[in-house]
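One structure below.
Reminder, nothing fancy here: chain letters follow the sequence lines and each chain counts from 1. We use all heavy atoms of the structure for the numbers below, so side chains are in, but hydrogens, waters and symmetry mates are not.
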Amino acid sequence: MRHSVGLGLRREFLSDVLASTPAVDFWEIAPENWMARGYEAEYQLDRIRERYPVSSHGLSLSIGSPDPLDESFVRQLKIFLDRFNISRYSEHLSYCSANGHLYDLLPIPFTEHAADYVAARVKRVQDILERPVLLENVSYYVPAKTEITELAFIQRVLEHADCQLLLDVNNVYVNSVNHNYDPFDFIAALPSQRITYGHIAGHFEEASDLLIDTHGADVRSEVYELLAFAYQQHGDFPVLLERDFNIPPLNVLLKEVEKVKAVSQALA
Amino acid sequence: MDDFREIQKQWALWLRNPDGASPPANVSNKRLQVYNRLVRNNIESFVERGFPVLAEVLSKQQWQSLLQAFIEKHHSKSPLFANIGDEFVNFLETYTHSQASAISYPCFTYQLACYERMEVEAYHAQMSCIPPMVEQVECTPWCVNPSLQWRDFNYPVHTIQPQLIPNAPLPQPIFIAVYRVDCFDENKQFSSTVKFMQLNPVTMLLIDLLQRQPGLSITDMAVRLSEQLPQFSVQQLEQGLLTTIPDLYQRAMLFPFAN
């Protein structure tokens with residue numbers, strides 16, 4: 001079985017990708033970094049799209065925001081995704097605006113009300129986009145409220161919105177250290193049938209009990225172990241390697257993509 | 001209002017103004033500070049990259065207090081990171097003119113920010129800006145390069161640097177156009193350059209006319225301009241345009257108009 005492993009597309013190495021067309025199963029882009037970015041961005045994305053499948057991973061939908069859902073943005077997003085024929089759209093189970101944008105991912109309070117509120121907004125987004133929305137379990141450094149557990153919160157949103165999960169194994173690892181829980185138990189408890197996509201990345205150890213989800217370092221061996229465990233528990237799903245800071249040359253990243261691929265092949 | 005949304009609003013209030021607002025209750029301060037740092041660093045890095053000259057000519061204290069005020073007082077509507085700079089300019093327009101701040105900022109702050117933003121906007125213009133070929137200058141209908149923006153400035157924003165800081169407005173405003181020129185280089189790679197051009201008032205009128213009414217020929221333009229410039233005859237204007245238009249076309253500010 002051929003396991004699909006993609007790489008986050010960055011402008012830092014975009015021209016290398018166009019020049020050398022390396023063997024990568026798919027690329028992932030953040031629509032917010034490509035929308036309204038001018039003719040050159042569209043031109044480059046067209047060239048990528050001619051040669052590769054592309055997934056999208058949103059940053060600013062702010063699905064859990066106390067502000068009203070920005071439906072005009074969601075409609076622009078649909079035009080963008082249609083224009084580049086991108087079917088997979090994922091976002092963070094998080095929010096980044098409250099009385100205006102703050103441009104960073106904040107933890108939604110883990111309450112039943114909040115979960116239901118988010119689920120209703122996810123349905124609305126799916127209706128406008130005419131695509132499924134995959135929600136990513138996010139990393140967080142302190143919970144805003146724990147009326148229910150993080151796990152129960154995620155499960156409730158997925159069920160009520162009837163949507164899929166983007167399982168970010170690095171985020172599970174980061175959270176397990178930051179909030180002192182067992183990452184294997186956490187992954188085992190997630191609903192297999194909803195896991196259709198995965199993310200893996202590196203993090204930064206700020207203190208022994210505080211990891212920061214920087215996407216700025218190589219993937220740690222503990223996180224590879226979690227990915228292997230997730231495959232065992234839930235079966236195969238495409239995985240994407242994210243790297244957003246301290247970006248090494250493309251050939252170095254491609255070696256890491258191979259390492260991710262080896263995790264799934266070892267289990268096959 | 002649901003309880004969870006109150007919590008979120010408290011978080012946002014505190015993140016916008018950690019020194020003034022009370023922090024969310026029952027949350028570890030050490031961990032909250034991580035969010036404070038992440039939010040601030042992210043917004044600051046976007047603004048700093050978008051306004052390098054302004055960041056350089058303001059004192060560190062002025063720059064930091066401006067960023068803090070932006071985060072605290074401005075409610076950004078755009079979800080796109082590329083528009084954070086636009087949000088910053090919108091914020092400056094009212095903030096630097098108000099008396100809300102204890103710190104004063106140079107009188108050119110807003111206009112310099114507008115100027116720096118125009119460069120980014122030119123890059124972000126959605127249309128291709130590859131100059132098409134022109135056969136005959138005289139009978140071609142013309143339009144303005146679709147990325148071109150212009151603005152009048154009361155300060156010489158294009159020359160401002162730490163050693164060259166204006167302390168008073170210019171006696172006459174100046175007009176500056178910013179626009180992008182695209183091409184395919186010898187390796188068939190797409191490349192873009194943003195150009196800046198100070199325009200005289202008559203050229204400014206011409207650009208403004210063509211932006212409002214694309215597709216005019218040189219004769220049409222001479223007739224229309226003479227309404228605004230009665231001191232010149234249509235013939236004089238037409239003669240002038242026969243040199244000006246090819247020059248503006250050479251600079252890729254004007255393109256032949258295609259319907």
Quick check: closest heavy atoms across [X] and [Y], and the distance to 0.1 Å?
| X | Y | value |
| --- | --- | --- |
| Ala12(B) | Leu102(A) | CB-CD1, 4.0 Å |
| Glu40(A) | Ser192(B) | OE1-OG, 3.8 Å |
| Arg37(A) | Ala82(B) | NE-CB, 3.0 Å |
| Gln8(B) | Ser65(A) | OE1-C, 4.3 Å |
| Pro79(B) | Phe73(A) | CG-CD1, 3.3 Å |
| Asp104(A) | Val39(B) | OD2-N, 3.5 Å |

Distance from [X] atom [atom1] to [Y] atom [atom2], nearest 0.5 Å?
| X | Y | atom1 | atom2 | value |
| --- | --- | --- | --- | --- |
| His113(A) | Asp3(B) | NE2 | CG | 9.5 Å |
| Ile7(B) | Lys145(A) | CD1 | NZ | 4.5 Å |
| Met35(A) | His124(B) | CE | NE2 | 13.0 Å |

Examine whether an atom of [X] lies under 4.5 Å from a heavy atom of chain B, and if so say whether it belongs to the side chain, the backbone or both; otherwise answer neither.
| X | answer |
| --- | --- |
| Leu105(A) | backbone |
| Asn33(A) | side chain |
| Leu61(A) | neither |
| Tyr43(A) | side chain |

Is the distance between the ring centroids of Tyr103(A) and Phe46(B) under 6.0 Å?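 Ring centroids of Tyr103(A) and Phe46(B) are no less than 6.0 Å from each other.
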Proximity of Tyr95(A) and Phe4(B) rings by center, below 6.0 Å: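 No; Phe4(B) has its ring centre 6.0 Å or more from that of Tyr95(A).
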Regarding Lys77(B) and Asp70(A), does a basic nitrogen lie under 4.0 Å from an acidic carboxylate oxygen?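 Looking at Lys77(B) and Asp70(A), the cut-off is not met.
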Is a salt bridge present between Glu206(A) and Arg37(B), judged by a nitrogen-to-oxygen distance below 4.0 Å?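 Yes, this pair counts.
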Describe, in one word, how the ring planes of Tyr39(A) and Phe190(B) are oriented to each other, choosing from parallel (under 30°), tilted (30 to 60°) and perpendicular (over 60°).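 Tyr39(A) vs Phe190(B) ring planes: tilted.
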Between His101(A) and Ile84(B), is a side-chain contact (heavy atoms from CB on, under 4.5 Å) present by the stated rule, with each step listed? CA-CA 10 Å; His101(A) 277 270; Ile84(B) 294 177; over 6 Å; no
Between His75(B) and Asn99(A), is there a donor-acceptor pair closer than 3.5 Å when you use the side chain of the first and the backbone of the second?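 Indeed, once roles are kept as given, a pair shorter than 3.5 Å links the two residues.
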